[in-house]
Amino acid sequence: MKQEPIINPYIAIGIGVLSVSTSAILVKLSTAPAPVIATYRLLFTTLLMLPFILLYFRDDFKKIHKKDMLFCLFSGIFLAFHFILWFESLNYTSVASSVVLVALQPIFAFVGTYIFFKEKLSLKAFIGGALAIGGSILISWGDFRISGLALFGDLLALLGAAAVTVYYLFGQTVRKRLHLMTYTFLVYGMATGTLFIYDLSLGYTLGPYSTENWVYFLLLAIFPTLLGHTIFNWALKYVSTNVVSMSILGEPIGASILAYFILSESVRIEQISGGAIILFGIYIFLKRKKRSHPLAEKGVKN
């Protein structure tokens, strides 16, 4: 007998999209350096997960192989640098440009899966990828006309998309053997450790910060990290992975709307046009077959 969900999955997904859309806004509102924001976001996420891990999943750690632990470490390192690059990009370019360019992750995922897993390129995937790349060029050209710093921010966002793809590539095989909670707890913990080392080696101050900043750190852990991505993973039990993948593409739209009202950021015609082309291209890319590749399913990692 099929178990009925406690809430309509489509309503839950809508809440998840709104939750992840707050990520870039909270980063923009914080006055802390980008690596420090990333550090506390993942530290608070790990600490919030700890009671559930101790109660329900502590036996899982006895079964983890050394290779899986090593892959979790590499996965955590690249997740840490994804956050560093993406959060730093928000210091130079707009929320609209940054979030849309980070959404190019599925295209990077195809390159990785083609190289490492020999996944072949269909005509639809090629067309979708070409459209998405064309949209990113349009956004970058518009930002270049504004300032070189905005273009630099776009580049950081693209590198952030590449870094999160490597994070998924390392985690792909491990996730087949570990429970989601166990895997994410390990990766978040290792990413936190990586970020602490990065902060200390480059001389970033870990405190004190204003009360507002600590609130932003905690909200980043609760909303986009735990509430947003946890809901997406929960919804996969009841709806198609394509539904979740397509829904995640709503994050750039939600983030841009929030940025307009909260940060008073205007949206230029190049961003609207380029963003629409990118999202349409990724839509075609993800629809290239009935069930998307696992990397594409995970979409945003923010």
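Here the structure is a predicted model, which means the values were calculated and not measured.
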Item to check | Over 12 foreign heavy atoms within 6.0 Å of CZ, F196 | outcome: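 Counting neighbours around CZ of F196, more than 12 heavy atoms of other residues, nucleotides or ligands fall under 6.0 Å, so yes.
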Next on the checklist: Atom OH of residue position Y56 - does it have more than 12 heavy atoms of other residues, nucleotides or ligands inside 6.0 Å?
Outcome noted: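 No, not enclosed.
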Item to check | Pairs involving residues 42-64, ordered by first then second residue, that meet salt bridge (charged side-chain N to carboxylate O under 4.0 Å, His left out) (sequence neighbours left out) | outcome: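 Applying salt bridge (charged side-chain N to carboxylate O under 4.0 Å, His left out) to every pair that reaches into residues 42-64, excluding sequence neighbours, yields D59-K62.
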Item to check | Inter- and intrachain pairs under salt bridge (charged side-chain N to carboxylate O under 4.0 Å, His left out), touching residues 156-174, at least two apart | outcome: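 The answer is none; no pair qualifies.
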Sequence neighbours excluded, every pair satisfying side chain to side chain donor-acceptor pair (under 3.5 Å) that has a member inside [range]:
| range | result |
| --- | --- |
| residues 8-19 | none |
| residues 71-80 | S75-Y183 |
| residues 184-194 | none |

Item to check | is_close_aromatic(F52, F185), centroid dist under 6.0 Å | outcome: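 F52 vs F185: aromatic centres not under 6.0 Å.
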Checklist entry - Is the distance between the ring centroids of F57 and H179 less than 6.0 Å? => result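 Aromatic pair counts; centres sit under 6.0 Å.
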Item to check | Close side-chain approach of Q271 to V100, heavy-atom, < 4.5 Å | outcome: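 No - every pair of side-chain heavy atoms lies 4.5 Å or more apart.
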Checklist entry - In chain order, what residues pass the salt bridge (Lys or Arg N to Asp or Glu O under 4.0 Å) check against E265, with sequence neighbours excluded? => result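 E265: salt bridge (Lys or Arg N to Asp or Glu O under 4.0 Å) contacts with K28.
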Item to check | Non-neighbouring partners of D199 that pass salt bridge (Lys or Arg N to Asp or Glu O under 4.0 Å), sequence neighbours left out | outcome: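 By the salt bridge (Lys or Arg N to Asp or Glu O under 4.0 Å) rule, D199 matches no residue at all.
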Counting N and O atoms only, with roles assigned by atom type, does the side chain of [X] sit under 3.5 Å from a partner on the main chain of [Y], one being a donor and the other an acceptor?
| X | Y | value |
| --- | --- | --- |
| T225 | I222 | no |
| H65 | K67 | no |
| S30 | L26 | no |

Checklist entry - Just how far is it from atom OG of S23 to atom CG of L258, taken to the nearest 0.5 Å? => result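 Here the rounded value is 11.0 Å.
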Checklist entry - How long is the span from the CD1 atom in I13 to the CH2 atom in W234, to the nearest 0.5 Å? => result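 CH2 of W234 is found 8.0 Å from CD1 of I13.
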Next on the checklist: With ring pair (Phe, Tyr, Trp, His ring centres under 6.0 Å) as the test, pick out the partner of Y40 among W214, F83, Y204.
Outcome noted: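 Result: among W214, F83, Y204, W214 is the only option passing the ring pair (Phe, Tyr, Trp, His ring centres under 6.0 Å) with Y40.
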Next on the checklist: Can you classify the ring geometry of Y92 versus F152 as parallel (below 30°), tilted (30 to 60°) or perpendicular (above 60°)?
Outcome noted: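 Y92 and F152: perpendicular rings.
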Taking only distance into account, with no hydrogens and no angle test, what donor-acceptor pairs under 3.5 Å do side-chain atoms of residues 43-50 form with protein atoms, sequence neighbours excluded?
{"unit_1": "T45", "atom_1": "OG1", "unit_2": "R41", "atom_2": "O", "d": "2.7"}
{"unit_1": "T46", "atom_1": "OG1", "unit_2": "L42", "atom_2": "O", "d": "2.8"}

Checklist entry - Other than V267, what residues sit in its cluster of Ile, Leu, Val, Met, Phe, Trp and Tyr side chains whose heavy atoms are under 4.5 Å apart, directly or through others? => result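 Its cluster mates, by chain and number, are I272.
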Item to check | Residue list, ring-ring contact (aromatic ring centres under 6.0 Å, His included) with F71, at least two apart or on another chain | outcome: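 Expected list: F170.
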Checklist entry - Among all residues two or more places apart in sequence or in another chain, which pass the side chain to side chain donor-acceptor pair (under 3.5 Å) test with T31? => result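 Partners of T31 under the side chain to side chain donor-acceptor pair (under 3.5 Å) test: N213.
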Item to check | For S89, all residues meeting side chain to side chain donor-acceptor pair (under 3.5 Å), sequence neighbours excluded | outcome: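 In terms of side chain to side chain donor-acceptor pair (under 3.5 Å), with neighbours along the sequence ignored, S89 is linked to S98.
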